[in-house]
Amino acid sequence: METVYHAAAYKHVPLVESNSAQGIINNVYGTLTAARAANHCRAKTFVLISTDKAVRPTNVMGATKRSAELVLQALAAQPDTHTRFVMVRFGNVLGSNGSVVPRFRKQIADGKPITLTHPDITRYFMSIPEASRLVIQAGAMGQGGEVFC
């Protein structure tokens, strides 16, 4: 097995906020289980699809994704690890499930203001091809334990 791309996670803030225990089980323990299995099978690389919300978590979802990153960094530091564990963070992917753009379009069509979490927020967007390239590049460049943004 060459590379495991671990994208399975609860990534929507409201979902995890209202189901925090399940979010922890899925995002943290699920990542640990998948990572241990990849290492056991001697996968060369394990790439975690994380989130920009893991940078300085202000919600349960961001905290679970940051915890998953820390789990992988701990595994990467183990002397008997066979797998390179790397992480990649990004936020709004245009056209993806969970993209904020459809919500913005609906708010504009309804004549409502666009909802932002803070007046000083800056949102960054990337296309699906850009996000895909970032994930593949992280897997190719990582030595183990790095977080790519």
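Just so it is clear, the values below take in all heavy atoms, side chains as well, and ignore hydrogens, waters and symmetry mates.
Remark: the backbone N or O of Leu75 is paired with a side-chain donor or acceptor of Thr81 at under 3.5 angstrom. Checked by atom type and distance alone, the side chain of Asn39 pairs as donor or acceptor with a backbone atom of Thr83 at under 3.5 Å. A donor-acceptor pair under 3.5 Å is absent between the side-chain atoms of Lys44 and the main chain of Val4, judged by distance alone.
At a threshold of 4.5 Å between non-hydrogen side-chain atoms, the residues Met87 and Gln73 count as touching. Two residues are said to be in side-chain contact when any heavy atoms from C-beta on lie closer than 4.5 Å; Leu72 and Phe46 meet this criterion. Considering only heavy atoms from C-beta on, His6 comes within 4.5 Å of Thr31 through its side chain. Between Phe90 and Asp52 the shortest side-chain heavy-atom distance does not fall below 4.5 Å. The side-chain heavy atoms of Phe85 and Val47, taken from C-beta on, include no pair separated by under 4.5 Å.
Enclosure of atom OH in Tyr29 is not indicated, since only 12 or fewer non-hydrogen atoms of other residues, nucleotides or ligands lie within 6.0 angstrom.
Considering all non-hydrogen atoms of both residues, Asn59 and Glu17 come closest at CB-OE2, 3.0 Å. Here the shortest heavy-atom pairing between Val86 and Gly139 reads CG2-CA, 4.0 Å.
Tyr5 pairs in a side chain to side chain contact (heavy atoms under 4.5 Å, CB included) with only one of the listed residues (Ile136, Leu48, Val88), which is Ile136.
Electrostatic pairing of Glu69 and Arg66 counts as a salt bridge here, judged by a charged N lying under 4.0 Å from a carboxylate O.
A side-chain N or O of Arg84 and one of Thr45 form a donor-acceptor pair less than 3.5 Å apart.
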Report the C-alpha separation of Leu94 and Ile128 in whole Å, then their side-chain angles, then the decisive distance to 0.1 Å, and conclude whether the side-chain contact (heavy atoms from CB on, under 4.5 Å) test is met.
-> CA-CA 6 Å; Leu94 298 171; Ile128 291 172; over 6 Å; no

When you look at Arg89 and Val147, which way does the side-chain contact (heavy atoms from CB on, under 4.5 Å) test go after all the steps?
-> CA-CA 7 Å; Arg89 291 178 182 159; Val147 179; 3.5 Å; yes

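If you take OG on Ser67 and CG on Leu32, they are separated by 11.5 Å, rounding to the nearest 0.5 Å. Remark: Lys106 NZ to Ile114 CD1 distance equals 13.5 Å, nearest 0.5 Å.
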